[in-house]
Engineer: 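Pasting in a structure now, in structure tokens, and then I'll have a few things to ask.
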Amino acid sequence: MHDTTGRRQRFTEAAREVRPDLALLCLLVAAEAHAGPGPGTKTPPEEAPPEEAPPEEVPPEEARIDAAQIELDRLAGLLPAFGRQAGPRRWAEALAQLLGERCGFHGSPADYRRLESSLLDEVLLRRRGLPILLSVVWLEVARRAGAPVYGVALPGHFVVGFGDPYGEKVLVDPFDGGRPLSDEDAGLLVAGATGAPLSPSMFAPAEPLDIVLRVLNNIRAWAAARPERSDVQLWALELSLLLPRHPARLRYERAELLVERGDFVRGARELEEYAEVIAAVEPGTAKTVLGQARAARAMLN
């Protein structure tokens with residue numbers, strides 16, 4: 001996971017903060033997308049002409065992150081100063097009026113076809129995105145304004161809650177401009193996405209790192225449907241593996257992807273390492289994975 005710019009080191013450090021900064025982590029994901037495949041092309045400092053030292057400039061990546069954070073601050077400043085006495089419905093209505101009506105943040109089926117719909121800085125510019133990224137905008141703007149807000153990771157459709165998750169609360173759908181959701185509405189969203197019934201545990205507040213992992217899962221799914229964008233699938237996997245908590249199977253998926261991309265040596269090595277990890281609990285699967293590793297190495301002959 002070599003990274004010449006330090007983006008991934010910064011991502012790793014941000015993910016391990018006591019209180020992870022959701023906006024920063026999402027913006028670092030976007031920075032990875034904007035970087036594209038391979039390292040940058042800037043002239044290294046040691047190769048710069050000695051007579052003309054380059055002026056100090058804010059890197060484009062940092063400028064994008066700063067601009068997005070400033071925009072979130074600006075939007076929060078447009079909300080009324082309710083204070084802590086305001087009820088959840090009042091907060092929900094104020095956010096819907098600002099973000100949904102005045103600013104036009106919403107989504108449509110077409111947004112699922114665009115990578116930009118999963119990148120926070122692009123969502124702030126376009127005011128369009130997937131449910132989870134629009135929810136991140138709502139969460140970050142509301143949090144900055146002092147609202148009692150939290151994310152709700154319904155299967156297949158992320159939404160936002162205001163108030164007490166286990167008491168008086170209001171759910172809204174940022175993808176639909178902030179439409180209020182009853183429990184029945186939430187159940188229909190879940191049933192439409194997964195066919196499963198709604199359960200009370202689905203209303204629990206989503207942790208920032210779980211939100212980031214779900215964002216990366218969406219990016220992986222977008223790229224998996226486009227074989228020519230396996231570079232995107234690879235960096236999304238690698239960022240997921242940098243999170244303190246992630247499914248162990250992601251290591252296997254990364255190894256498989258490396259083999260598919262023609263990196264047989266690294267792919268085989270990582271398949272072997274994964275097989276060693278799971279051998280004690282899944283010996284049959286480990287044997288199969290070792291067979292895949294041998295097949296990958298055979299591609300070199």
Side-chain angles (χ1 to χ4, degrees), residues 1-22 24-26 28-29 31-33 35 37-39 118 132 153 155-156 158 194 196 201-202 204 206-227 229-301:
M1 299 184 190
H2 183 58
D3 174 36
T4 57
T5 67
R7 282 187 308 274
R8 297 192 185 181
Q9 179 61 33
R10 188 176 179 189
F11 181 88
T12 301
E13 292 171 355
R16 282 162 173 73
E17 291 287 341
V18 176
R19 294 184 178 180
D21 184 331
L22 176 60
L24 176 59
L25 285 165
C26 288
L28 290 171
V29 169
E32 191 77 22
S118 290
I132 191 168
F158 204 98
T194 68
S201 63
M202 293 178 182
E207 295 294 331
L209 295 184
D210 294 332
I211 296 174
V212 175
L213 181 60
R214 186 157 164 170
V215 169
L216 289 166
N217 287 345
N218 286 337
I219 292 173
R220 287 168 47 220
W222 177 90
R226 297 163 175 80
R229 297 312 311 270
S230 64
D231 60 308
V232 172
Q233 189 178 1
L234 183 58
W235 66 248
L237 269 170
E238 291 178 339
L239 288 186
S240 300
L241 288 167
L242 292 176
L243 294 171
R245 301 187 309 274
H246 57 261
R249 185 175 172 81
L250 293 184
R251 295 178 60 181
Y252 173 70
E253 292 183 21
R254 180 177 186 273
E256 271 196 319
L257 186 58
L258 287 172
V259 173
E260 290 173 13
R261 286 171 57 84
D263 194 343
F264 302 118
V265 173
R266 278 203 304 164
R269 184 174 66 246
E270 294 193 15
L271 284 169
E272 290 162 351
E273 291 171 355
Y274 180 73
E276 184 178 350
V277 169
I278 66 171
V281 291
E282 298 181 53
T285 303
K287 184 177 180 180
T288 300
V289 173
L290 285 174
Q292 290 178 283
R294 286 192 294 272
R297 291 191 184 279
M299 298 293 289
L300 297 167
N301 299 329

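FYI, side chains are in, hydrogens and waters are out, and symmetry mates aren't considered; it's all heavy atoms of this structure.
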Engineer: Can you name the closest pair of heavy atoms from E270 and A255 and give their distance?
Structural biologist: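 That closest heavy-atom pairing would be CB-CB, 3.7 Å.
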
Engineer: Go through the steps for R226 and Q233 under the test side chain to side chain contact (heavy atoms under 4.5 Å, CB included), then give the verdict.
Structural biologist: CA-CA 9 Å; R226 297 163 175 80; Q233 189 178 1; over 6 Å; no

Engineer: So L209 and P244, do their side chains get closer than 4.5 Å, heavy atoms only?
Structural biologist: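 In short, these two side chains touch, coming nearer than 4.5 Å.
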
Engineer: Would N217 and R214 count as having a side-chain donor-acceptor pair, cut-off 3.5 Å?
Structural biologist: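 Note: N217 and R214 side chains miss the donor-acceptor criterion.
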
Engineer: Using the side chain to side chain donor-acceptor pair (under 3.5 Å) criterion, which residues pair with R245? Sequence neighbours excluded.
Structural biologist: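 Side chain to side chain donor-acceptor pair (under 3.5 Å) list for R245, sorted by chain: D210.
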
Engineer: Which residue pairs pass the ring-ring contact (aromatic ring centres under 6.0 Å, His included) test with at least one member in residues 255-283, sequence neighbours excluded?
Structural biologist: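 Every ring-ring contact (aromatic ring centres under 6.0 Å, His included) pair that includes a residue of residues 255-283, provided the two are not neighbours, is Y252-Y274.
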
Engineer: What donor-acceptor contacts under 3.5 angstrom involve side-chain atoms of residues 277-287, with partners at least two apart or in another chain?
Structural biologist:
from : atom 1 : to   : atom 2 : distance (Å)
E282 : OE1    : T285 : OG1    : 3.3

Engineer: Check this for me: E276, atom CD, are more than 12 non-hydrogen atoms of other residues, nucleotides or ligands nearer than 6.0 Å?
Structural biologist: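 No, because the 6.0 Å sphere around CD of E276 holds 12 heavy atoms or fewer from other groups.
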
Engineer: What closest approach, in Å, do A296 and A268 show between heavy atoms, and which atom pair accounts for it?
Structural biologist: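 Distance-wise, the nearest heavy atoms are CB-CB, 4.0 Å.
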
Engineer: Can you tell me how far CD of E238 sits from CG of L234, rounded to the nearest 0.5 angstrom?
Structural biologist: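 That separation rounds to 4.0 Å.
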
Engineer: Just verifying a value: how many Å separate I211 CD1 and L22 CG, rounded to the nearest 0.5 Å?
Structural biologist: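 Output value for this atom pair is 5.0 Å.
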
Engineer: Any side-chain heavy atom of L213 sitting closer than 4.5 Å to one from P247?
Structural biologist: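 With C-beta onward as the side chain, the pair touches.
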
Engineer: Contact between R294 and E272 at the side-chain level, heavy atoms closer than 4.5 Å - yes or no?
Structural biologist: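 Heavy-atom side-chain distance check fails, nothing below 4.5 Å.
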
Engineer: Rounded to the nearest 0.5 Å, how far does CG of L271 lie from CD of E256?
Structural biologist: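 Result: 7.0 Å between the selected atoms.
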
Engineer: Can you name the side chain to side chain donor-acceptor pair (under 3.5 Å) partners of R251, sequence neighbours left out?
Structural biologist: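 Once residues adjacent in sequence are excluded, R251 has no partner under the side chain to side chain donor-acceptor pair (under 3.5 Å) criterion.
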
Engineer: Let's go through V212 and L239 carefully: what are the C-alpha distance in whole Å and the side-chain angles of both, what is the deciding distance for side chain to side chain contact (heavy atoms under 4.5 Å, CB included) to 0.1 Å, and is it a yes or a no?
Structural biologist: CA-CA 10 Å; V212 175; L239 288 186; over 6 Å; no

Engineer: Using side chain to side chain donor-acceptor pair (under 3.5 Å) as the criterion, list what pairs up with D263, not counting sequence neighbours.
Structural biologist: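 With neighbours one apart ignored, the set is R266.
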
Engineer: Any idea which heavy atoms bring G267 and L258 closest together, and the distance?
Structural biologist: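 For G267 versus L258, the nearest heavy atoms are CA-CB, 3.9 Å.
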
Engineer: Measure across A15 and L25 and return the closest heavy-atom pair with its distance rounded to 0.1 Å.
Structural biologist: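 Here A15 and L25 meet closest at N-CD2, 3.8 Å.
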
Engineer: May I have the step-by-step check of side chain to side chain contact (heavy atoms under 4.5 Å, CB included) for R229 and D231, ending in yes or no?
Structural biologist: CA-CA 5 Å; R229 297 312 311 270; D231 60 308; 3.3 Å; yes

Engineer: Drop me the distance from L216's CG to E32's CD, to the nearest 0.5 angstrom.
Structural biologist: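 Result: 9.5 Å between the selected atoms.
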
Engineer: Enter the distance from L237:CG to L250:CG here, rounded to the nearest 0.5 Å.
Structural biologist: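 Between atom CG of L237 and atom CG of L250 there are 6.0 Å.
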
Engineer: Holding to side chain to side chain donor-acceptor pair (under 3.5 Å), I want the full list of residues that pass it with E13, two or more places apart in sequence or in another chain.
Structural biologist: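 Partners of E13 under the side chain to side chain donor-acceptor pair (under 3.5 Å) test: Q9.
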
Engineer: Can you find a pair of side-chain heavy atoms, one from L24 and one from F11, that are under 4.5 Å apart?
Structural biologist: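 No, their side chains stay 4.5 Å or more apart.
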
